[in-house]
Amino acid sequence: MKWQDLYKKRSTTAEEAVKHIRSGNRVVVGHATGSPELLLKAMVDNRDAYENVEIVHMVSMGQSEYCLPENCSSFVHNSLFAGGTTRKAIHDGRAVYTPSHFSQIPRLFTEKILPVDVVLCMVSPPDEHGYCSFGVSVDYTKPAAESARVVIAEVTPNMPRTLGDSFIHVSRIDHIVECNSGPIIMKPPAIGELDEKIGSHCAELIRDGDCLQLGIGAMPDSILGFLKHKKDLGIHTEMFSDGVVDLVEAGVITCAKKNFHPGKMVATFFMGTEKLYKFVHNNPMVQMFTVDYTNNPAIIAQNDNMVSVNSSLQVDFAGQAASESIGYKQFSGSGGQADFIRGASWSRGGRSILAFHSTAAGGRISRIVPHLDEGSIVTTTRTDIHYIVTEYGIADLRGKSMPQRAQALIAIAHPDFRDELRAEFRRIYNRDL
Ligand code: COA
């Protein structure tokens, strides 16, 4: 059958499509801004037909109504990265968190460690050959769709057609729901005075011709504003947002010095505004790959002068970074932090940066601490850590002994906490600073 005929035959409404979900199924949802909100709403509206449907995804930028207490007999959320709409359900015991490096998530599905019954996703309309693009969310969404028994897709002209390893053929989609929705819009974060100080410190560590990864959160985003005077930067990252577009337009990001995928920006998902989504549409400079490729440390390390920029919640004297939990509470997820820090450390000329405000809770808590809080999860180990940056400067921990690490970290802690931290240093290391 011609793909055009298949497309017509398989086109349906969201209400009809979600009837193919059965009680006890595992449903994997398209990631982040690629979340198919129309299908999810239809699924939640049909809750009385289900019991114990497992909803699996990483970052949710949508409504996540299946996490609400009134829906918990129909759905249980299995989170691969907690976010604003799912965190409470995890803390309250209605949802669970499963740890995994981002690079390893596709294997959970393709190797049937977590066999996938249904994928709900959003794609671009088919091209003349019948291929739809996963657009802003290729990451685990494509491998999950390739291993699912049933694929249900929202097809919308608002999804950018991104290029690379980003396509699915119409014949592989079981139920097609044409709509006029689009990827979720994420406004750039507000950048404060402290972010500016941190951004300028990070910029000192970035050289002309470096290849960058920029993580999630306000901090990595704020750094971009301080790179306007750099030359020929490259991008090999898991995600990027609007700030990168400005630097391409300003001629700062050219990818001309990249030794691996030269001339191309490599990514696996996007979070931004219409400006970003317009930029990546049909843009041959932007190459999308699944996350088991972009985040594979051995692939990342092929880029010379790879610099990863991420953030953390708490770092102890040894340089262990708790970037995803606050005590026992899961705040976010491991994501690609360790993937990129490992990859950057194996790259020729590579460097990794973890940047964050020196304090939290309105200045009441130091984020540099003698030891991590009880229950806190180590996202990056002390043996992988390299640069830590706060508004007070840069600590280079590579090759430093334990007392030297503590000393370097205390020097960039908030001054209000330095005496307390020095006292702990004396107690632990039996010596003065
Ligand atoms: N104790 C208590 N509260 C803390 C804290 C601590 N040690 N550290 C931070 N907080 C609070 C902050 O005050 C802030 O609260 P607010 O929203 O009420 O102001 C909140 O936690 C978030 O902190 P912030 O630094 O603003 O977070 P962010 O949005 O910049 O994200 C991470 C930072 C670390 C959570 C995020 O980068 C992450 O999830 N990283 C792990 C995964 C990763 O790096 N992936 C790589 C690429 S995707």
Side-chain angles (χ1 to χ4, degrees), residues 192-207 210 215 217 219-220 222-223 226 306-327 337-338 340-342 344-347 349-433:
E193 202 185 314
L194 295 188
D195 304 314
E196 296 204 351
K197 284 192 179 148
I198 293 171
S200 67
H201 292 314
C202 291
E204 287 172 40
L205 297 171
I206 296 170
R207 305 178 198 131
D210 279 347
M219 197 51 60
S222 71
I223 288 153
F226 297 88
M306 181 74 217
V307 182
S308 70
V309 185
N310 292 291
S311 190
S312 193
L313 296 165
Q314 193 177 59
V315 171
D316 72 7
F317 278 178
Q320 304 186 93
S323 311
E324 59 186 279
S325 78
I326 299 175
Q337 183 167 118
F340 272 93
I341 289 183
R342 283 263 164 93
S345 76
W346 283 104
S347 141
R351 282 143 278 150
S352 74
I353 301 170
L354 279 189
F356 50 87
H357 295 181
S358 65
T359 62
R364 281 181 285 111
I365 296 174
S366 173
R367 286 164 78 159
I368 291 175
V369 289
H371 56 82
L372 299 179
D373 288 349
E374 184 186 325
S376 282
I377 299 297
V378 175
T379 307
T380 298
T381 65
R382 64 179 181 172
T383 37
D384 286 318
I385 210 89
H386 189 182
Y387 289 109
I388 304 283
V389 176
T390 70
E391 66 274 26
Y392 294 101
I394 301 169
D396 178 358
L397 301 188
R398 228 192 235 182
K400 290 234 166 34
S401 67
M402 293 287 280
Q404 285 172 329
R405 284 169 176 241
Q407 195 170 358
L409 287 166
I410 293 169
I412 61 160
H414 193 287
D416 289 355
F417 294 93
R418 287 189 200 161
D419 283 347
E420 210 177 292
L421 292 169
R422 278 191 205 105
E424 272 302 284
F425 178 91
R426 271 193 292 278
R427 192 183 65 76
I428 296 168
Y429 295 108
N430 215 11
R431 64 170 81 183
D432 278 326
L433 264 178

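Heavy-atom basis, side chains included; hydrogens, waters and symmetry copies ignored.
S308 and A344 make their closest contact through OG-CB, 4.1 Å (heavy atoms, listed as atom of the first residue, atom of the second, distance). Closest of all the heavy-atom pairs between S311 and F356 is OG-CB, 3.9 Å. Of all heavy-atom pairs between R382 and A318, the closest is CB-O, 3.2 Å. Here the closest non-hydrogen pair linking K197 and S200 is O-OG, 2.9 Å. In this structure, A338 and T379 approach most closely via the heavy-atom pair CB-O, 3.8 Å. Minimum heavy-atom separation, A361 to I365: CB-CD1, 3.8 Å.
Contact check for I385 versus R405: side-chain heavy atoms found under the 4.5 Å cut-off. The shortest distance between side-chain heavy atoms of Q337 and E324 does not fall below 4.5 Å. Looking at heavy atoms from C-beta onward, V315 lies out of side-chain contact with T380 at the 4.5 angstrom threshold. For the pair F425 and P403, the minimum side-chain heavy-atom distance is below 4.5 Å.
Of the possible donor and acceptor atoms, one in the side chain of T390 sits under 3.5 Å from a partner among the backbone N and O of I412. Proximity of a side-chain donor or acceptor of R398 to a complementary backbone N or O of H386 within less than 3.5 Å is not detected. Put simply, the side chain of S312 gets close to the backbone of A322: a donor and an acceptor are under 3.5 Å apart. Judged purely by atom type and a 3.5 angstrom limit, R342 has no side-chain atom pairing as donor or acceptor with the backbone of D384. Looking only at distances, a side-chain donor or acceptor of R351 sits under 3.5 Å from a matching main-chain atom of G349. Remark: the backbone N or O of E391 is not paired with any side-chain donor or acceptor of H357 at under 3.5 angstrom.
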Going through the checks in order, is the side-chain contact (heavy atoms from CB on, under 4.5 Å) test met by T359 and D416?
CA-CA 10 Å; T359 62; D416 289 355; over 6 Å; no
Applying side-chain contact (heavy atoms from CB on, under 4.5 Å), run through I206 and F226 and close with a yes or a no.
CA-CA 10 Å; I206 296 170; F226 297 88; over 6 Å; no
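Going from atom OG of S345 over to atom CE of M306 covers 11.5 Å, rounded to the nearest 0.5 Å. In this structure, the separation between CZ on R431 and CD on Q407 is 8.5 Å, given to the nearest 0.5 Å. For the atom pair S358 OG and I198 CD1, the distance stands at 7.5 Å (nearest 0.5 Å). A distance of 7.0 Å separates NE2 in H371 from CD1 in I428, rounded to the nearest 0.5 Å. To the nearest 0.5 Å, atom CZ of residue R367 and atom CG of residue L313 are 5.5 Å apart. For the atom pair T383 OG1 and L397 CG, the distance stands at 12.0 Å (nearest 0.5 Å).
Heavy-atom neighbours of R418 CZ from other residues, nucleotides or ligands within 6.0 Å: above the threshold of 12. Counting non-hydrogen atoms of other residues, nucleotides and ligands closer than 6.0 Å to NZ of K400 gives a total above 12.
H414 has its ring centre less than 6.0 Å from the ring centre of Y392.
Of the candidates D373, I377, L372, I377 is the only one forming a side chain to side chain contact (heavy atoms under 4.5 Å, CB included) with S325. Each of I388, I341, V307, I394 was evaluated against I353; a single residue qualifies, V307, per the side chain to side chain contact (heavy atoms under 4.5 Å, CB included) test.
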